[in-house]
J.: 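Following this message is one structure expressed as structure tokens.
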Amino acid sequence: MAPGLLDLVHLTTWAVCAVIKLPQLVAVLRAGSAWGLSLSSLLLELAGFLVFLRYQIYYGYPLETYLEYPIIIAQDVILIYCIMHFSGKKKRALFYTVIFWGGWYMLTLQKWIIDLAMNLCTFVSAASKLVQLQHLWQAKDSGQVSALTWGMSAYTCATRIITTVMTTNDLAVLIRFIIMLILNIWVTATILHYRKTKKTD
């Protein structure tokens, strides 16, 4: 029973992650605007994803426990570039590319660096969600922010809690997914709240 359930959870996670940022990208491209989206939030999210992916690779965890991360990272990079384009900040793209590329290689120079980075990764990823929440609260408008994308993120965190318990049982990874699940649900609820408020006005 468990191996079949584990395979199903992996498969649904990969399927969701293959399109996780597409609703957000479509909303931004259709509107020709990134209103409601926080660039800082996405940059923090990308940093968290890169650290998490590097940690999983460094410790030789099974590929199926992190296979979606390269796909999510690629989608995040495209979304970040779109936001920079629509906000007139695309000249900064090269700067961020160099920073992230250098950070990727520095993470594994010493074991203690990757371990510390993984522990800080939870705070960085949580900060990305809190920055997006703050942006929504200040604007009191969900703008182009996709509730579907955030809802899918909550789903993948829930599935990764299951796969972590069933495979690596890594406490740092488990805590990260629990915190991200709570925050993704909170952001989704906030988006829906402001969308509902806007419709009733």
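Starting from 1, each residue takes its place in the sequence as its number.
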J.: To the nearest 0.5 Å, what is the distance between CG (Leu79) and CG (Leu37)?
T.: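 Nearest 0.5 Å value for the CG-CG distance: 6.0 Å.
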J.: Quick one: are Lys111 and Tyr59 in side-chain contact, heavy atoms under 4.5 Å?
T.: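 Touching, per the 4.5 Å side-chain cut-off.
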J.: Should Leu183 and Trp186 count as side-chain neighbours, where that means a heavy-atom distance under 4.5 Å?
T.: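 Sidechains of Trp186 and Leu183: in contact.
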J.: So Met118 and Val173, side-chain contact (heavy atoms from CB on, under 4.5 Å) or not? Walk me through it.
T.: CA-CA 8 Å; Met118 181 57 196; Val173 173; 3.8 Å; yes
J.: With heavy-atom distances below 4.5 Å as the criterion, would you say the side chains of Leu46 and Ile80 are in contact?
T.: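 The answer is yes; the side chains approach within 4.5 Å.
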J.: Around atom CH2 of Trp137, are there more than 12 heavy atoms of other residues, nucleotides or ligands at under 6.0 Å?
T.: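 Yes.
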J.: Are there over 12 heavy-atom neighbours, none belonging to Phe123, within less than 6.0 Å of that residue's CZ?
T.: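 No - once you tally the heavy atoms of other residues, nucleotides and ligands closer than 6.0 Å, there are 12 at most.
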J.: For Ala34 versus Phe86, what's the shortest heavy-atom pair and its separation?
T.: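 Closest pair (atom of Ala34, atom of Phe86, distance): N-CB, 4.3 Å.
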J.: Parallel, tilted or perpendicular: which describes the rings of His10 and Trp14, with under 30° parallel and over 60° perpendicular?
T.: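 Ring orientation, 0 to 90° scale: parallel.
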J.: What closest approach, in Å, do Cys157 and Met180 show between heavy atoms, and which atom pair accounts for it?
T.: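 Reported closest heavy-atom pair: SG-CB, 3.5 Å.
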J.: What is the minimum heavy-atom distance between Asp141 and Gly143, and which atoms define it?
T.: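 Answer, listing the atom of Asp141 first, then Gly143: OD1-N, 2.9 Å.
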J.: Is a side-chain donor or acceptor of Gln75 paired with a backbone partner of Cys17 at a separation under 3.5 angstrom?
T.: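 Flag set: sc Gln75 to bb Cys17 pair under 3.5 Å.
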J.: Could you please spell out the steps behind the side-chain contact (heavy atoms from CB on, under 4.5 Å) verdict for Ile161 and Leu174?
T.: CA-CA 6 Å; Ile161 290 169; Leu174 191 58; 3.8 Å; yes
J.: Should Trp101 and Ile114 be regarded as members of a common hydrophobic cluster, given that ILVMFWY residues are connected when their side-chain heavy atoms come within less than 4.5 Å of each other, either directly or indirectly?
T.: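 Same cluster: Trp101 reaches Ile114 through Ile, Leu, Val, Met, Phe, Trp or Tyr contacts under 4.5 Å.
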J.: Which heavy-atom pair separates Thr122 from Ala172 by the least distance, and what is that distance?
T.: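 In this case the closest contact between Thr122 and Ala172 is OG1-O, 4.3 Å.
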J.: Any side-chain donor paired with an acceptor under 3.5 Å for Asp76 and Tyr69?
T.: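 The answer is no; no qualifying pair exists.
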J.: Hydrogens and angles aside, do Thr167 and Thr65 bring a side-chain donor and acceptor to less than 3.5 Å of each other?
T.: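 No, because no side-chain N or O of Thr167 sits under 3.5 Å from a partner of the opposite role on Thr65.
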J.: Do you reckon Val26 sits in the same ILVMFWY cluster as Val16, going by side-chain contacts under 4.5 Å, direct or chained?
T.: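 Hydrophobic grouping puts Val26 apart from Val16.
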J.: Counting only heavy atoms not in Trp104 (residues, nucleotides, ligands), do more than 12 fall under 6.0 Å from its CH2?
T.: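 Counting neighbours around CH2 of Trp104, more than 12 heavy atoms of other residues, nucleotides or ligands fall under 6.0 Å, so yes.
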J.: Atom OG1 of Thr149 and atom CG of Leu25: how far apart are they, to the nearest 0.5 Å?
T.: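 That separation rounds to 8.0 Å.
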J.: Any donor-acceptor pair under 3.5 Å linking the side-chain atoms of Thr108 with those of Arg54?
T.: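 Note: Arg54 and Thr108 side chains meet the donor-acceptor criterion.
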J.: According to a 4.5 Å side-chain heavy-atom criterion applied to Ile, Leu, Val, Met, Phe, Trp and Tyr, with indirect links allowed, do Leu43 and Val28 form part of one hydrophobic cluster?
T.: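 Yes, because Leu43 and Val28 connect within a single hydrophobic cluster, where side-chain heavy atoms sit under 4.5 Å apart.
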J.: Going through the checks in order, is the side chain to side chain donor-acceptor pair (under 3.5 Å) test met by Tyr55 and Asn119?
T.: CA-CA 10 Å; Tyr55 178 86; Asn119 289 321; over 6 Å; no
J.: Distance only, no hydrogens: is a donor on one side chain within 3.5 Å (strictly under) of an acceptor on the other, for Tyr61 and Asp170?
T.: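 Short answer, yes.
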J.: Given the rule in the side-chain contact (heavy atoms from CB on, under 4.5 Å) test, do Gln132 and Glu45 qualify, once you have shown the distances and angles that lead to the verdict?
T.: CA-CA 10 Å; Gln132 182 60 54; Glu45 179 181 69; over 6 Å; no
J.: Distance from Gln24 atom CD to Leu29 atom CG, nearest 0.5 Å?
T.: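 It is 10.0 Å, given to the nearest 0.5 Å.
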J.: Should Lys21 and Leu42 count as side-chain neighbours, where that means a heavy-atom distance under 4.5 Å?
T.: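 Yes - at least one pair of side-chain heavy atoms lies under 4.5 Å apart.
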J.: Do Ile78 and Met84 share a hydrophobic cluster (ILVMFWY, side-chain heavy atoms under 4.5 Å, transitive)?
T.: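 Yes.
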J.: Which value, rounded to the nearest 0.5 Å, describes the distance between Thr190 atom OG1 and Leu136 atom CG?
T.: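 Going from OG1 on Thr190 over to CG on Leu136, the span is 6.5 Å.
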J.: So do the side chains of Arg176 and Ser125 get within less than 4.5 Å of each other, counting heavy atoms only?
T.: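 When only atoms from C-beta onward are counted, Ser125 and Arg176 do touch, with a gap below 4.5 Å.
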J.: Just verifying a value: how many Å separate Ile178 CD1 and Ile182 CD1, rounded to the nearest 0.5 Å?
T.: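 Here the interatomic distance stands at 7.5 Å.
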J.: Linking I/L/V/M/F/W/Y whenever their side-chain heavy atoms sit closer than 4.5 Å, directly or via other members, would Val19 and Ile191 fall into one cluster?
T.: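 Cluster IDs for Val19 and Ile191 match.
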J.: How close do Leu133 and Val187 get, heavy atom to heavy atom, and via which atoms?
T.: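 Here Leu133 and Val187 meet closest at CG-CG2, 3.6 Å.
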J.: Measure the CZ-CZ distance between Phe52 and Phe177 for me, rounded to the nearest 0.5 Å.
T.: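 Atom-to-atom, Phe52:CZ and Phe177:CZ are 3.5 Å apart.
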J.: Give the minimum heavy-atom separation between Arg160 and Tyr66, together with the two atoms involved.
T.: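 Closest approach of Arg160 to Tyr66: NH2-N, 4.4 Å.
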J.: Would you find a donor on one side and an acceptor on the other, under 3.5 Å apart, between the side chain of Ser41 and the backbone of Ser128?
T.: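 Yes.
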